[in-house]
There are 2 protein chains.
Amino acid sequence: MSRRSYHHGNLKEALIRAALDLIAQHGPAGFTFAEAARTAGVSPAAPYRHFRDRDELMADVARRGFARFEAVLELAWSQGRPDPFTAFERIGRAYLAFARDESAYYSAMFETGVPLDVNPDLAAAGDRTLAVLKQAAEAICARLPPERRPPPLMMALHVWSLSHGVASLFGRGDAARRKLPMAAEDLLEAGVLVYLQGLGLGARTP
Amino acid sequence: MSRRSYHHGNLKEALIRAALDLIAQHGPAGFTFAEAARTAGVSPAAPYRHFRDRDELMADVARRGFARFEAVLELAWSQGRPDPFTAFERIGRAYLAFARDESAYYSAMFETGVPLDVNPDLAAAGDRTLAVLKQAAEAICARLPPERRPPPLMMALHVWSLSHGVASLFGRGDAARRKLPMAAEDLLEAGVLVYLQGLGLGARTP
DNA sequence: CAATTGATGTAAGACCGTCTTACATCCGCC
DNA sequence: GGCGGATGTAAGACGGTCTTACATCAATTG
C-alpha cells in the first residue's frame, strides 16, 4: 500500500499502534486523538471514520490488551504442567511481566476507567482472562480434600487482586510508583506462597 | 466573607473542595481547572494564583487524601486494641470504606499518576500512611516465634497490595468495575485471613 | 469497460480547556 | 491616607475534540 495514496489503507491498525506508542511514552492520559492522527500521517478528522471518539479507541486497545493478556496467562499456565504449583508461579511472573512490558496495554485495561457496562465485548474479554485464573485456581484447589477446599473463584480473585495491587503500586519503573526494597516479582511470589500455605498447601506437598 | 467582594477570600480551599466534588461526579479525568474555577465562582485564570497548574492542585488533593487516610487507618488500628487481630481486620474494612466513601481522594492518590519524585511532601504523606500498616504488621508478627517471623514491611506491602487490588478492581460502585458474587469487604477479609493463616497465625491462636 | 456507490480521507470551523501577560482591585500596614 | 503585595479579571495564543460539508478512491455491477 503506497504511502502516497489518498487513502491510508490500514488506518485503524495504525491508530491502535499509535495509541500504544503514545500511551507508552506519555502515560494513559497523555494521549490525544489528534496526535494519534498525526503519528499515522492523516488529518485530525480521519480517526472519526474508525472510532466514534477517543474513548472508543481506548476501549478497543483495552479489548485487544485483554486478549493478549489472556494468551500470555494461558501460555504461562500451560495446562498446569509440569505441576500446578510451578505453573501457578509462572502465572504470577507472567502477570507482572505483562504489566511491565506491555505497560500501554495494561494502562488501557485498568487505568483509564473505561466503563464495562457499555462495552460488552470488553467485559467479555475481561471475563475470559479471569477464566484462565479461575481454571488454574481449580487445579490448585483440587489438591485439597473437599472439606477444606475454598471456592476457586474466590482464590482466583484473591490472586488477581494481589497481583494487580503489586503491579499498580510497585510494578513499573514509573515515577509515580513507590520504590521498594525488593523486586515486585519477589514480593508477589512471597505473597502467593504465604497465601497457598494459608490454604493448607504447604510447600508443594499435596 | 461576602460573596460580592472582588476577592474570594478562601479560594484555595474552595478549589480543593470543587476538585473533590468534580472528581466524585465525573471521575479523576473529568475534572478541569476551568470548571473548578466556575464552581468557585471566579474567572478561569484565578486558580493560577494558588496552583502552578492543574497537576499541582491534583497533587495537593492527593496529599490531603493521604493525611486523612493515615488518620483513618490509625484510628482503625487503635494501637492494636483490644487485640491485634481484631484491630487488623478493622484496618482492612477501613481501607475499603475509605476507597468507597472518599472515592475522590482515593482517585487523586492512586489513579492520577502524580509523580512522587517531584512531590516530596506527597511521597512523605504516602510513607506515613505505609508506616501505619507497618506498625500493625509488626504487632502481628510479634505473635510469632522469631525464627518464623516474616519481615513486617513485607507483610505490610502484601496487605496493602491486596487491599488496593480489591479496592481498584471491585471496590467501588463505579461502572468501570467488575461485579462480584460477594462484597469486596468479605473478599478482602477472607484473603487476609488466609494470608495470616499462611504465616502460621491460625484463627487467632498465638 | 465505464458508471455508480459506499468507504475513506480532507477542510474548515465551533467550542472548550490550558496557560500567559497585562491590568484592576483590595487589604494590611506603616 | 497612601504604598505595596496579594488576589482576581480580561484578553488572547495555542491545541484538542468533534461536526459538517466536500473530495477522492476502489469495488461492484450493468
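Throughout, a chain's letter reflects where its sequence line sits, starting with A, and its residues are numbered from 1.
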Which one, dT7(D), dC19(C), dT17(D), comes nearest to the side chain of D53(B)? dC19(C)
Do the side chain of R54(A) and the main chain of F31(A) share a donor and acceptor less than 3.5 angstrom apart? yes
Protein-nucleotide distance (R54(A), atom CZ; dG15(D), atom P), rounded to Å: 18 Å
Side chain to side chain, F170(A) and R177(A), heavy atoms closer than 4.5 Å: no
Does this structure show an ion pair linking E138(A) with K134(A), if we count only N-O contacts that are shorter than 4.0 Å? yes
Whether R81(B) side chain and A87(B) backbone form a donor-acceptor pair below 3.5 Å: no
Quickly work out the H8(B) NE2 to dA6(D) P distance and round it to whole Å. 19 Å
Smallest heavy-atom separation, E111(A) atom then P28(A) atom, equals OE1-CG, 4.2 Å
For the side chain to side chain donor-acceptor pair (under 3.5 Å) test, which of R172(A), R100(A), H164(A) pairs with Y106(A)? H164(A)
Check DNA chain D against residues 13-38 of chain B and give the residues with a non-hydrogen atom under 4.0 Å, in numerical order. none
Any protein N or O atoms within reach of nucleotides 20-22 of chain D? Criterion: under 3.5 Å, listing atom names and distances.
from, atom 1, to, atom 2, distance (Å)
dA21(D), N6, R49(A), NH2, 3.3

Centres of the F69(A) and Y95(A) rings: under 6.0 Å? yes
Of S43(B) and P44(A), whose nearest nucleotide on DNA chain D comes first from the 5' end? S43(B)
Minimum-distance nucleotide to Y48(B) side chain [options: dC18(D), dT10(C), dT18(C)]: dT18(C)
In whole angstrom, what separates H50(B)'s NE2 from dC19(C)'s C1'? 16 Å
Round to a whole Å and report the spacing from CG of L11(A) to P of dT8(C). 10 Å
Does atom CD of Q25(B) have more than 12 heavy-atom neighbours, drawn from other residues, nucleotides or ligands, at distances under 6.0 Å? yes
